[in-house]
*Asks:* 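Can you keep this structure in mind? I'll have questions shortly.
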2 protein chains.
Amino acid sequence: MDARIALGLKFSEWLAMGHDPGGCPVRNLLDRLGDRWSMLLLCALAQGPKRFSVLARVIPDISKRMLSQTLRSLETDGLVLRDVQPTVPPSVTYSLTPLGESFASPLLGLVTWAEANFDVVRAARAQGRSDPGDLSQPSSQVS
Amino acid sequence: MDARIALGLKFSEWLAMGHDPGGCPVRNLLDRLGDRWSMLLLCALAQGPKRFSVLARVIPDISKRMLSQTLRSLETDGLVLRDVQPTVPPSVTYSLTPLGESFASPLLGLVTWAEANFDVVRAARAQGRSDPGDLSQPSSQVS
DNA sequence: CAGCATCCGGGGTGATACTG
DNA sequence: CAGTATCACCCCGGATGCTG
């Protein structure tokens, strides 16, 4: 598979462009989506529109603060739509924008890979490795 | 082809599995690769094996500390291979393991999306916030 | 050259309490 | 219900200096 080649080529381009951190889409993207909750939220919203409380329920270990904050970040980036119903008990529904939906594809790729190779990674992490070449590492400390 | 549906389905599965944070491949993956440098390093190594100093050069804004640390983390997870040449001036070459190469595919998808939609995101970002530091609710309706 | 140890600051993150 | 404000902690990550 020469996705590796293509990736290497892209990296070459970035270098040629002066490697501007602010201008690098990937750096920029990762700064936003690379946090602890963004992608998870995107996955949750891939199921369909959800309300704040529902999101908080399906992702138990996120605080209201981070949920709100992350959602807001996603909204700012145009990935998520925030729909406020001005009812007496406020009802806010979040959903994926077309842009957000378009992100589902690469995200699915990432998720699929993660699931498929989780065991391998865990094995490598636990001890040495499973399939790579040779690993003559001393004691690896995992923070 | 609807990646959104597939993604939503996967999320459903996680929920059914009790949503174990430690057992969730994606959570786990992101904890590792979602940091500031991992994916960038993987991109750089996609070009081919590289030495420590070369990596430090192509990614100017990474400190030796983080470079070493991130590389080690990647190595621990079995994505990167560390090859030490016991020469007098130590020469250490890093390369992608088969596992690491297999990750190039989803990563390429991510990168491609980032490049393709960077402008859109930037536009949304620019329009979203009228003024910096606004703490009040935008109370935005459908634009 | 490669990489570790240490110090140190900033920010991401959680917990709690409050608002509308 | 759907947030926001505040406090405080922890850890990421940079800078520097030392080792082999």
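Chain letters run A, B, ... following the sequence lines, proteins first and then strands; every chain starts at 1.
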*Asks:* Using a cut-off of 4.0 Å between protein heavy atoms and nucleotide atoms, how would you tag nucleotides 13-20 of chain D 5' to 3' with B, S and -?
*Replies:* BBB----B
*Asks:* Starting at atom NZ of A/Lys50, determine the distance to atom P of D/dC1, rounded to an integer number of angstrom.
*Replies:*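 In whole Å, D/dC1 P and A/Lys50 NZ are 17 Å from each other.
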*Asks:* Once you round it to whole Å, what is the distance between P of D/dC1 and CG of A/Leu67?
*Replies:*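 Nearest whole value for this atom pair: 13 Å.
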*Asks:* Give, for atom OG of B/Ser95 and atom CD of B/Glu75, the distance between the pair rounded to the nearest 0.5 Å.
*Replies:*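 Answer rounded to 0.5 Å: 10.0 Å.
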*Asks:* Please list, in 5' to 3' order, the outermost nucleotides of DNA chain C lying under 4.0 Å from any heavy atom of chain B.
*Replies:*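 On DNA chain C, the outermost contacted nucleotides are C/dC1 to C/dT6.
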*Asks:* Going by atom types only, do A/Asn28 and B/Arg125 share a side-chain donor-acceptor pair under 3.5 Å?
*Replies:*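 Yes, a side-chain donor-acceptor pair sits under 3.5 Å.
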*Asks:* For A/Arg72 and D/dA5, what is the distance between atoms CZ and C1' respectively, to the nearest whole Å?
*Replies:*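 In whole Å, D/dA5 C1' and A/Arg72 CZ are 13 Å from each other.
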*Asks:* Between A/Gln85 and A/Thr93, is there a side-chain donor-acceptor contact under 3.5 Å, judged purely by atom types and distance?
*Replies:*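 Side-chain D/A pair, A/Thr93 to A/Gln85: absent.
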*Asks:* Are any non-hydrogen side-chain atoms of B/Leu74 and B/Leu45 less than 4.5 angstrom apart?
*Replies:*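 No. Closest side-chain heavy atoms not under 4.5 Å.
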*Asks:* Without hydrogens or angle criteria, can the side chains of B/Arg32 and B/Ser38 be said to hold a donor-acceptor pair below 3.5 Å?
*Replies:*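 No, no side-chain donor-acceptor pair sits under 3.5 Å.
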*Asks:* Would you tell me whether A/Trp113 and B/Ser102 have side-chain atoms, one donor and one acceptor, within less than 3.5 Å of each other?
*Replies:*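 On atom types as modelled, these side chains qualify, holding a pair under 3.5 Å.
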*Asks:* Do you know which two heavy atoms are closest between B/Thr87 and B/Ser91, and how far apart they sit?
*Replies:*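 Reported closest heavy-atom pair: OG1-N, 3.7 Å.
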*Asks:* Please name the pair of heavy atoms, one in B/Leu96 and one in B/Ala46, separated by the smallest distance, quoted to 0.1 Å.
*Replies:*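 Between these two residues, the closest heavy atoms are CD2-CA, 3.7 Å.
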*Asks:* Between atom CG in A/Asp31 and atom P in D/dC12, what is the gap in whole Å?
*Replies:*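 The distance from CG of A/Asp31 to P of D/dC12 comes to 16 Å, rounded to the nearest Å.
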*Asks:* Using a cut-off of less than 4.0 Å, is there contact between a side-chain N or O of A/Arg82 and OP1 or OP2 of D/dG3?
*Replies:*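 True: A/Arg82 side-chain N/O within range (under 4.0 Å) of D/dG3 OP1/OP2.
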